[in-house]
Amino acid sequence: MTDPIDTTRPPPISLIALFLKFLRFGALAFGGPVAQIAMVRQALVEEERWIAPARFNRLLAVLQVLPGPEAHELCVHLGMMARGRIGGLLAGLGFMLPGLALMMCAGWLYVGWIAGHVGLTGVLLGVQIVVLAVIARAVVRIGQHIIEDRLLAGIAVVALIATLVAVPFWIVLLAGGLAYAAAERPVVAVLVLLIPIFGAMIVQQFVGTTSAAGPIVTHAPATLAMLFIAGLKGGLLTFGGAYTAIPYVRADTVGRGWISDSAFLDGIALAGVLPAPLVIFATFVGYVAGGPLGALAVTAGMFLPAFAFSMLFFERLEAVVANPTLHRLLTGVAAAVVGIIAATFAQLALATATRVDNMLIAAVLFALALAVAWRVKGAWVTPAILVGGAAVGWLISP
C-alpha cells in the first residue's frame with residue numbers, strides 16, 4: 001500500500017553536508033531512542049520534508065521489529081534515501097561518532113583515574129543501584145509493548161527461569177520464537193516451548209557447568225575477535241530496545257572474567273547520560289576489557305547489523321516482516337528477550353547486593369529511583385536519576 005500522493009524526496013545534498021547533518025543529530029542525541037527519533041522526525045519529516053509522514057511511520061514500524069538501535073537504523077536508511085549506500089554509511093557514522101568519541105574518553109578516564117579509587121567507591125555504588133532501577137523500569141516498559149497475551153507472558157516467564165539456571169540463550173530465543181509461531185495450536189506451542197528448554201536443563205545438570213547465579217567465569221583472554229563477536233551478538237539480538245543487548249554483552253564479558261558486574265553497570269550509567277544510542281555502553285565494556293582497540297572491536301560488532309539491515313536488505317524488509325508467521329516468530333523471540341532481561345536484572349542485583357553494607361539505604365535509594373523513572377517523563381530523567389544516585393552514594397560513603 002502506498003501513500004495517495006508521495007512526492008516527498010530528500011533535497012540535493014553533498015556527502016559532506018549529509019555527514020555533518022547527522023553528526024549534529026548525534027551530538028544532540030540525548031534522552032534515548034524516543035527523544036532521538038522525535039528529533040529526526042521534527043527535522044527531516046516536518047521541517048525539511050525528506051519523507052512523507054505515513055512512509056516514515058511504516059519505516060519506523062519495520063525497524064522496531066528488527067534487532068538493533070532503531071534510531072541509528074533510521075538515520076542509516078534516511079541517508080540512503082538521500083545519497084544511496086555511501087550516504088547511509090556516512091549518516092550512520094555521523095550519528096554514532098559523537099557518542100563513540102565521548103565513551104572512548106569516558107573509558108580512558110575510568111580505567112586510568114576512577115576504577116579502584118577508594119574515595120569514589122560509594123559514589124559508583126550509588127550510581128549502580130540507580131542503574132538497576134532504570135533497568136527494572138525498562139523491563140516493565142518493554143514488556144508492556146510486547147506481552148499481549150497469555151502465551152507471550154508464559155514465554156517470558158519460562159525464559160526468565162531458563163536464564164537463571166543458565167540454559168543457553170539461543171535455545172531460549174529459538175524455543176520462544178517457534179512456540180509463538182505455533183500459537184494457533186496451543187498444545188504444540190507449549191511443547192515446542194518446554195521440551196528444548198527442559199532438555200537443555202537436564203543436559204546441563206549432567207554436564208555440571210551451570211550456576212543459577214549467572215554465567216560461569218572462565219577468565220579466557222579478551223581477544224579482539226572475541227570482543228567483536230560479543231558486540232555482534234548483542235547487535236543481532238537487540239529485539240525491543242537497547243536494554244535487550246545487556247544480557248548478551250554481559251554473558252560474553254562479565255561471564256569470561258573480562259570486566260566486573262560493577263564496572264558493567266558503570267558503563268550503562270555513562271551511556272545513559274551521553275548523546276548516543278544506549279548500546280554505546282558496549283564501547284565502554286570493550287575499553288575496560290581490551291583497551292581502545294577492544295572498544296572499537298565491540299562497537300564495530302554492535303553497530304554492524306544496524307548498518308547491514310538498512311544498507312543491504314531494506315528493499316525486502318517490509319514484505320518479509322509483513323509475513324504473519326515470521327512476525328509471530330519475531331514476537332515470540334521478543335517475549336523471550338523480556339524474560340532474559342528480567343533474569344539479567346536479578347543477577348546484576350544479586351551481584352550488587354553483595355557489595356552493599358547498608359541494605360536499608362540501598363533499598364530506599366532503589367525505590368526512590370524506580371518511582372522517579374516510573375512516573376516522570378523527559379530526556380533529562382535518566383541523567384538526573386544517575387546524578388542523584390551518585391550524590392547519595394557520596395553522602396553515605398565512609
Side-chain angles (χ1 to χ4, degrees), residues 64-67 132 135-216 233-252 254-255 261 321 323-351:
Q64 287 175 331
V65 173
L66 298 171
L132 288 172
I135 295 174
R137 179 66 183 106
V139 173
V140 176
R141 183 180 291 116
I142 295 167
Q144 287 173 334
H145 288 293
I146 293 172
I147 308 301
E148 299 176 342
D149 57 40
R150 286 181 293 179
L151 179 55
L152 289 172
I155 291 171
V157 171
V158 170
L160 165 64
I161 297 171
T163 303
L164 289 176
V165 297
V167 173
F169 76 90
W170 62 269
I171 294 178
V172 178
L173 295 178
L174 185 62
L178 292 176
Y180 203 64
E184 295 181 354
R185 303 171 67 184
V187 175
V188 173
V190 171
L191 292 176
V192 168
L193 175 63
L194 296 181
I195 288 176
I197 290 178
F198 276 113
M201 290 170 63
I202 292 171
V203 171
Q204 299 277 27
Q205 291 298 318
F206 281 106
V207 173
T209 59
T210 64
S211 168
I216 294 296
K233 186 185 296 183
L236 286 171
L237 297 172
T238 50
F239 290 91
Y243 284 97
T244 61
I246 290 173
Y248 315 115
V249 178
R250 177 177 178 266
D252 279 351
V254 177
D261 268 320
V321 175
N323 182 291
T325 300
L326 182 57
H327 194 279
R328 285 196 295 270
L329 187 144
L330 292 174
T331 302
V333 169
V337 168
V338 173
I340 291 173
I341 308 173
T344 302
F345 162 77
Q347 292 165 348
L348 287 169
L350 180 62

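Predicted model, so just to flag it, every value in this text is computed and none were measured. We're numbering straight along the sequence, starting at 1. Just the heavy atoms: all of them, side chains too, but no hydrogens, waters or symmetry mates, feed the values below.
- Residues A245 and G234 share a closest heavy-atom pair of CB-O, 4.1 Å.
- Rounded to the nearest 0.5 angstrom, L164 CG and L350 CG are separated by 10.0 Å.
- Within the 4.5 Å cutoff, the side chain of T344 has no heavy atoms near those of the I135 side chain.
- Residues Q347 and T163 share a closest heavy-atom pair of NE2-O, 3.7 Å.
- For L160 against A342, the heavy-atom pair with the smallest separation is CD1-C, 3.8 Å.
- No more than 12 heavy atoms of other residues, nucleotides or ligands sit less than 6.0 Å from atom CD of E184.
- Considering all non-hydrogen atoms of both residues, A336 and G176 come closest at CB-CA, 4.5 Å.
- Distance CD1/I340 to CZ/R250: 12.5 Å, rounded to 0.5 Å.
- The shortest distance between side-chain heavy atoms of F345 and I246 does not fall below 4.5 Å.
- Contact record, I155 with G332: CG2-O, 3.8 Å, taken as the closest heavy-atom pair.
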request  = Could you please spell out the steps behind the side chain to side chain contact (heavy atoms under 4.5 Å, CB included) verdict for L152 and V338?
outcome  = CA-CA 10 Å; L152 289 172; V338 173; over 6 Å; no
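- Among the candidates V188, V187, L194, the single residue satisfying the side-chain contact (heavy atoms from CB on, under 4.5 Å) test with V190 is L194.
- T331 approaches I146 most closely through the heavy-atom pair O-CG2, 4.2 Å.
- Exactly one residue among L193, V167, V337 makes a side-chain contact (heavy atoms from CB on, under 4.5 Å) with V172. That residue is V167.
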